[in-house]
Protein chains: 2
Amino acid sequence: MKRITIRDVSERAGVSTAAVSYVLNGREGKVSQETASKVRRAVEELNYIPDFSARSLAGTRSKLIGVVIPQTEDQKQLLLQNPFYSELVCGIEARLRQSGYHMILSGVDKGEGYLDTSMQRNLDGAIIMGIYQESFYDDLKRVKVPIVLIDSYVNDSYFQTVSIDDEAGGYMATELLVDNGHTNIALVTGLIRKDGAVEKRFLGYKRALKEAGLFYHPDYVFEHSVSYEYGQEAAAAIAAGHPEITAVFASSDLVALGVLRGLSDAGKRVPEDVSVGGFDDIPVARMCNPPLTTVRQNIVARGAMAADRLLKAIEEGEESVADDPSVARLELAIRQTVQRLTPN
Amino acid sequence: MKRITIRDVSERAGVSTAAVSYVLNGREGKVSQETASKVRRAVEELNYIPDFSARSLAGTRSKLIGVVIPQTEDQKQLLLQNPFYSELVCGIEARLRQSGYHMILSGVDKGEGYLDTSMQRNLDGAIIMGIYQESFYDDLKRVKVPIVLIDSYVNDSYFQTVSIDDEAGGYMATELLVDNGHTNIALVTGLIRKDGAVEKRFLGYKRALKEAGLFYHPDYVFEHSVSYEYGQEAAAAIAAGHPEITAVFASSDLVALGVLRGLSDAGKRVPEDVSVGGFDDIPVARMCNPPLTTVRQNIVARGAMAADRLLKAIEEGEESVADDPSVARLELAIRQTVQRLTPN
DNA sequence: ACAAATGGTTAAAACGTTTAACTTAAAATA
DNA sequence: TATTTTAAGTTAAACGTTTTAACCATTTGT
């Protein structure tokens, strides 16, 4: 069966294709009420569906958004396994769909290849998460397209960001542990990059310690990668080498889960022997055993915010959106892995 | 800066655009070695990137694949929160990217809207998971495009499927429990749909019981929805109403996690008091506490298989692919939630 | 009464590809 | 040598939109 085109519609309605195009794109004032309704009727009757390739080619919006998330080093697979990213994607997709956009979800080899995609597909914009290659961002600016960054700190006002107050979050978590009487508090965290989210959480941790009049022990911070495995490893090291440590702040829930396992393997009970705090509040946090006390960021909402910002920039122009980054709220999700320190 | 087009390339190479197109698309024989290399040089020098919209419009492949996953009833959000789906998507994306395709990931309101997307974007194919609306599939057949189904049982050979032997999986899990001496084994499961994956697992459960000479108690099957919450609920009911039950087979890991929590809340220990077996082996299965014994399906690999089948159908024609569905292997992942029944 | 402005409509030129049909020259066949 | 086949390229039409510029009626302002 042949495709129904705008020409078919125009013939049926007895007008030109230009007129049809105008009403389809809501160019008010260009056509009369009467022709508008004739056209709408014809569209309805023929069940006309516009071809976005043609639209895009003709120089208007493609209504396609690129969404980039990191991928595993080895397998080149999307890091969707990390619930943090899947939640973000959920929030983004829902909002984009609602506005008639589609999302091309794709991993990139540290930046390589994304630009090609952007040009090939005439992307209207992009949401990019967790890429740290500086050079990538230089390239990115050349394609004149709005871009929103999530968790990819780059000091360049060209890009919009939707962030959270990571410093405050790190502070909140640590403060909770301090308030529960803990004084020897470890930090288990991914690589601390200059200006990165992880660094800010680390800064919040240090500030909470300082304000409580506690010493900051550099050897209480275990820094390597954000993964379950590393949490497990670090916990083993803590149990073996630092019996005085009674609390752990893991700067991401995934790591916290590993810590839970590592402690348990070392014969430590949580929270009786060691308290553990996490960060993110991914869905598993409430499903694991015991349920994880953590700093909640509404990840889905954050994705939606990113999409909103991007759409606004696309549809109303870059200048329309506020210069200040959107900052999502944080709160503590108190569950069962933090306990008051009982002197024994 | 203006876009580099095929015309620019042709001028630089001193040939026609047709010639360029031929070498770009590997039309061997249409063009000599010499011109081919002239063209390739020009492409290189100008850093030419083809416009896929134009390609698509000109009637060739769009190199775009639709990937459809279910969404939450209320929020209209992708069900990516379910790790089962995110894993599949990882497998699919990696393979598609590798072959130069892109993926439009999208949720649909029980089928509504997908067809429009397919036409608007000239999708080359689709991978569809977990949609049960019969009517949806009728519509789907009208768009003449290869489609691979995952976990959406529809008895129609028009569609290709990549499945697992759910019956055998159900059998394996139950058999394990039986072999460990359990005789009162509950099944906690999502809605049992005719010909669905869940029904097959249920059938496997019954067969294992029967072959072991055990009674099948209809009131030992708890059937409602595949969610953490339901697992919790069912476990509470089991603990309260059926103290004789010493083992639970949950037909999905997400449910199993809920069961773990429900049992623990009811004061039952796992595996000392009750053994629990799951299905899927999502990543959390090994992270939870205690680590879940479950039936492993390599979800990522299954996604990749689906992508492979689809690409083959697209590039070599429908008839090229085998009629029989691909069936992925299953195996037991023995961890710590199943224990030999100790008579007390 | 005439020029100017306005509102509605349209024809036709893009947009960047692919490809069917055609040309030409060289090679193969008779 | 005269003809047919093959190889290598080219031309130009198509694909389905948007949009510019032109056109025609009216209405408005002098």
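Computation of the quantities below employed the complete heavy-atom set of this structure, encompassing side-chain atoms and omitting hydrogens, waters and symmetry-equivalent molecules. Reminder, nothing fancy here: chain letters follow the sequence lines and each chain counts from 1.
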Exercise. For the pair made of CG in B:Asn122 and C1' in C:dT18, what is the distance, rounded to whole Å?
Worked result: 14 Å
For this session: Quick one: do B:Glu93 and B:Arg97 satisfy salt bridge (Lys or Arg N to Asp or Glu O under 4.0 Å)? Show the steps, please.
Result: CA-CA 6 Å; B:Glu93 197 272 345; B:Arg97 178 148 41 101; 2.8 Å; yes
For this session: Give a yes/no answer on whether the side chain of A:Ser16 brings an N or O atom under 4.0 Å of OP1 or OP2 in C:dT10.
Result: yes
For this session: Tell me whether the OP1 or OP2 atom of D:dT17 has a side-chain N or O from A:Tyr48 closer than 4.0 Å.
Result: yes
Seminar exercise, completed: Per side-chain contact (heavy atoms from CB on, under 4.5 Å), A:Arg302 is matched among A:Leu88, A:Ile92, A:Val327 by A:Leu88
Exercise. C:dT9 phosphate, OP1 or OP2: any side-chain N/O from A:Thr35 under 4.0 angstrom?
Worked result: yes
For this session: Using a strict cut-off of less than 4.0 Å between a Lys/Arg side-chain nitrogen and an Asp/Glu carboxylate oxygen, indicate whether A:Lys141 and A:Asp156 qualify as a salt bridge.
Result: yes
Seminar exercise, completed: Ranking D:dG16, C:dT18, C:dG16 by distance to the side chain of A:Thr5, first place goes to D:dG16
Seminar exercise, completed: B:Leu24 atom CG is separated from D:dG9 atom P, nearest whole Å, by 15 Å
For this session: Measure from the side-chain heavy atoms of A:Thr60 and tell me the nearest of C:dT18, D:dG9, D:dT18.
Result: D:dT18
Problem set entry | Listed nucleotide nearest any side-chain atom of A:Asp51, set C:dA21, D:dT17, C:dT18 | D:dT17
For this session: Report yes if a side-chain nitrogen or oxygen of A:Ser32 is closer than 4.0 Å to either non-bridging phosphate oxygen (OP1 or OP2) of C:dT9; otherwise report no.
Result: yes
Exercise. Hey, does B:Ser53 reach any base, or is it just sugar-phosphate, or nothing, if we go heavy atoms under 4.0 Å?
Worked result: nothing
Exercise. More 5' along DNA chain C: A:Thr17 or A:Val31, using each one's nearest nucleotide?
Worked result: A:Val31
Problem set entry | Length of the CD1-P vector between B:Ile4 and C:dC15, whole Å | 14 Å
For this session: Measure the distance from CG on B:Asn25 to P on C:dT19 and round it to the nearest whole Å.
Result: 7 Å
Exercise. Using a cut-off of 4.0 Å on non-hydrogen atoms, how would the nucleic acid contact of B:Tyr22 be classed: base, sugar-phosphate, or nothing?
Worked result: base
Exercise. Would you say the side-chain atoms of B:Arg3 pair up with the backbone N or O of A:Met119, donor to acceptor, closer than 3.5 Å?
Worked result: yes
For this session: Would you mind reading off the distance between A:Ile49 atom CD1 and D:dT17 atom C1', rounded to a whole angstrom?
Result: 15 Å
For this session: Please determine, for the side chain of A:Ile6, which listed nucleotide (D:dT17, C:dT19, D:dG9) has the closest atom?
Result: D:dT17
For this session: Would you mind telling me which residue lines up with the more 5' stretch of DNA chain C, B:Lys30 or B:Ser21, judged by nearest nucleotide?
Result: B:Ser21
Seminar exercise, completed: Of B:Ala58 and B:Ala18, the one whose nearest nucleotide on DNA chain D sits closer to the 5' end is B:Ala18
Problem set entry | Check: B:Ser53 main-chain N/O paired with A:Ser56 side-chain donor or acceptor under 3.5 Å | no
